[in-house]
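Taking it in order: structure first as C-alpha cells, then the write-up.
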There are 2 protein chains.
Amino acid sequence: MALLGADVRLTPHRREVFEVLQGSTDHPTATDIFTRVKDRSPSISLATVYNCLEHLSSAGLIKQVHLERGQSRYCANLHEHVHFHCETCGKVTDAHPAAGFDPAKFWNLPAGTKITRTELAIHGTCASCATKG
Amino acid sequence: MALLGADVRLTPHRREVFEVLQGSTDHPTATDIFTRVKDRSPSISLATVYNCLEHLSSAGLIKQVHLERGQSRYCANLHEHVHFHCETCGKVTDAHPAAGFDPAKFWNLPAGTKITRTELAIHGTCASCATKG
DNA sequence: TGAACACTTTAGAATCATTCCAATTCTAAT
DNA sequence: ATTAGAATTGGAATGATTCTAAAGTGTTCA
Ligand SMILES: [Mn+2]
Ligand SMILES: [Mn+2]
Ligand SMILES: [Zn+2]
Ligand SMILES: [Zn+2]
C-alpha cells in the first residue's frame, strides 16, 4: 500500500508509527512519536521510529516539516496546506487555502491570529539541472 | 545601527560577518561564513561566527533560513522574497514576487525551473496567545 | 591614571538530533 | 524446513550547535 512514490511494506511498526501520526494534529517530533508508539509497543526503539518515518516519508505517506532549527516534525495531512507556527507557544497547526483568495487572506487562519513572518520555500529542479539531467 | 528590533554594537567581527553575508547570494551556512571571514580575519573562531550571526539576526539585519534538516543557512536580503531550493544541486536562490500576480506564477523564477514542492510556513502568534498577552 | 564594570571573543567541552553499524530476528518464497 | 532479503535493535559515531569558563577590550569616572 502506497499512495505516491515507491512502495513501503506496511510492517506492524510502520503501521503503528503511521497511525500514531495520523491520530496527531500537533506535528510531533520523532521522539514525541517514539513515546506515543511505545505505549502500544513497548519494545520499539527510537532507531526504528526514525527508520519508519524515513520509509513512510519517502513513500509519500507522510511529510517532514522543517520550521526552525532543531528536531524535524512530521505531518500526515496530505492535503494542500501550510503550517502556522506560533512563536509564543510553539504550536504548529495546519492552515488550508480558502476559496476566493485574496492573497492577504489566502490562508484560512483562525480569527485573531497575528502573522509576523511567512516563509515559503519552493523546492524543485533549477533550469541548469533540468537541462543537464 | 539597526533596522529592526534591538540594537547590535557593530564590532569589527560582526561587521565582517555581516559584510561577508551581504556579499554572498548563496545562502551560506555558519561554517561557510566562517571560512570566508577567516580569509580576512584569520583569528576568528567558529563560536564567534555563531555568536555574530545570532546577534545580527536577532537585530533583524539578517535572516536564518531552514529549508531542510542539517545546517542553518543565512540570508542578508531583507526584501520580501522566497527561497528556491534545487533538490538536485542543493543551491538556494532568492525569488522575488512579480507584479500582477497570477498565483501560479506569483514568484518570479527563472524560465526552465521545475517546481516539485513548495513549503510555506507562517509564523506569528496564535489567537489564544495573542489574547493572553 | 587606573580600578571597575560590561561586553566580546576564544578554545574546548557538552549537548542534542540524527545516522550508522553490526548483530539478531522476522518474513516470504522456495 | 531452508534460505535470502528485509526489518529491528542497542549502542556507537557523527555533525551542528550551544554552553562554559577564562582572557581580552574598551568605557566610565573617582
Ligand atoms: Mn501539517
Ligand atoms: Mn534569501
Ligand atoms: Zn500560541
Ligand atoms: Zn540545480
Return the polar atom pairs (N/O with N/O) between nucleotides 12-17 of chain D and the protein under 3.5 Å, or none.
residue: dA16(D); atom: OP1; partner: Q71(B); partner atom: NE2; Å: 3.1
residue: dT17(D); atom: OP1; partner: S72(B); partner atom: N; Å: 2.7
residue: dT17(D); atom: OP1; partner: S72(B); partner atom: OG; Å: 3.4
residue: dT17(D); atom: OP2; partner: Y50(B); partner atom: OH; Å: 2.2
residue: dT17(D); atom: O5'; partner: Y50(B); partner atom: OH; Å: 3.1

Please enumerate all residues that pass side chain to side chain donor-acceptor pair (under 3.5 Å) together with [X], with sequence neighbours excluded.
X      : answer
S41(A) : E16(A)
S45(A) : T48(A)
R40(B) : E19(B)

Show me the donor-acceptor pairs within less than 3.5 Å that the side chains of residues 71-78 of chain B make with the rest of the protein, sequence neighbours left out.
residue: Q71(B); atom: OE1; partner: T29(B); partner atom: OG1; Å: 3.4
residue: Q71(B); atom: OE1; partner: T31(B); partner atom: OG1; Å: 3.0
residue: S72(B); atom: OG; partner: H66(B); partner atom: NE2; Å: 3.0
residue: R73(B); atom: NH1; partner: D26(B); partner atom: O; Å: 3.4
residue: R73(B); atom: NH1; partner: H27(B); partner atom: O; Å: 2.7
residue: Y74(B); atom: OH; partner: Q64(B); partner atom: NE2; Å: 3.0
residue: N77(B); atom: OD1; partner: H79(B); partner atom: N; Å: 2.9
residue: N77(B); atom: OD1; partner: H79(B); partner atom: ND1; Å: 3.3
residue: N77(B); atom: ND2; partner: D94(B); partner atom: OD2; Å: 2.9
residue: N77(B); atom: ND2; partner: H96(B); partner atom: NE2; Å: 3.0

In whole angstrom, give the distance that lies between atom [atom1] of [X] and atom [atom2] of [N].
X      : N       : atom1 : atom2 : value
L53(B) : dT18(D) : CG    : C1'   : 14 Å
L10(B) : dT9(C)  : CG    : P     : 11 Å
R15(A) : dT27(C) : CZ    : C1'   : 15 Å
E68(B) : dT19(C) : CD    : P     : 12 Å
E54(B) : dC7(C)  : CD    : P     : 16 Å

Exercise. In the 5'-to-3' direction, what one-character label does each nucleotide of nucleotides 4-9 of chain D receive under the scheme B = base within less than 4.0 Å of a protein heavy atom, S = sugar-phosphate only, - = no such atom?
Worked result: --SSBB
For this session: Any chance you could measure L67(A), atom CG, to H85(A), atom NE2, to the nearest 0.5 Å?
Result: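 Spacing of CG (L67(A)) from NE2 (H85(A)) equals 6.0 Å.
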Problem set entry | Minimum heavy-atom distance between T125(B) and A130(B), given as atom pair plus value |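 So the minimum-distance heavy-atom pair works out to CG2-N, 3.5 Å.
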For this session: Answer whether the closest heavy-atom distance between the side chains of E119(A) and H83(A) falls below 4.5 Å.
Result: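 A side-chain contact is absent here, since even the closest heavy-atom pair is not under 4.5 Å.
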For this session: For the pair C52(B) and Y50(B), evaluate side-chain contact (heavy atoms from CB on, under 4.5 Å) and give the outcome as yes or no after the intermediate values.
Result: CA-CA 6 Å; C52(B) 292; Y50(B) 272 108; over 6 Å; no
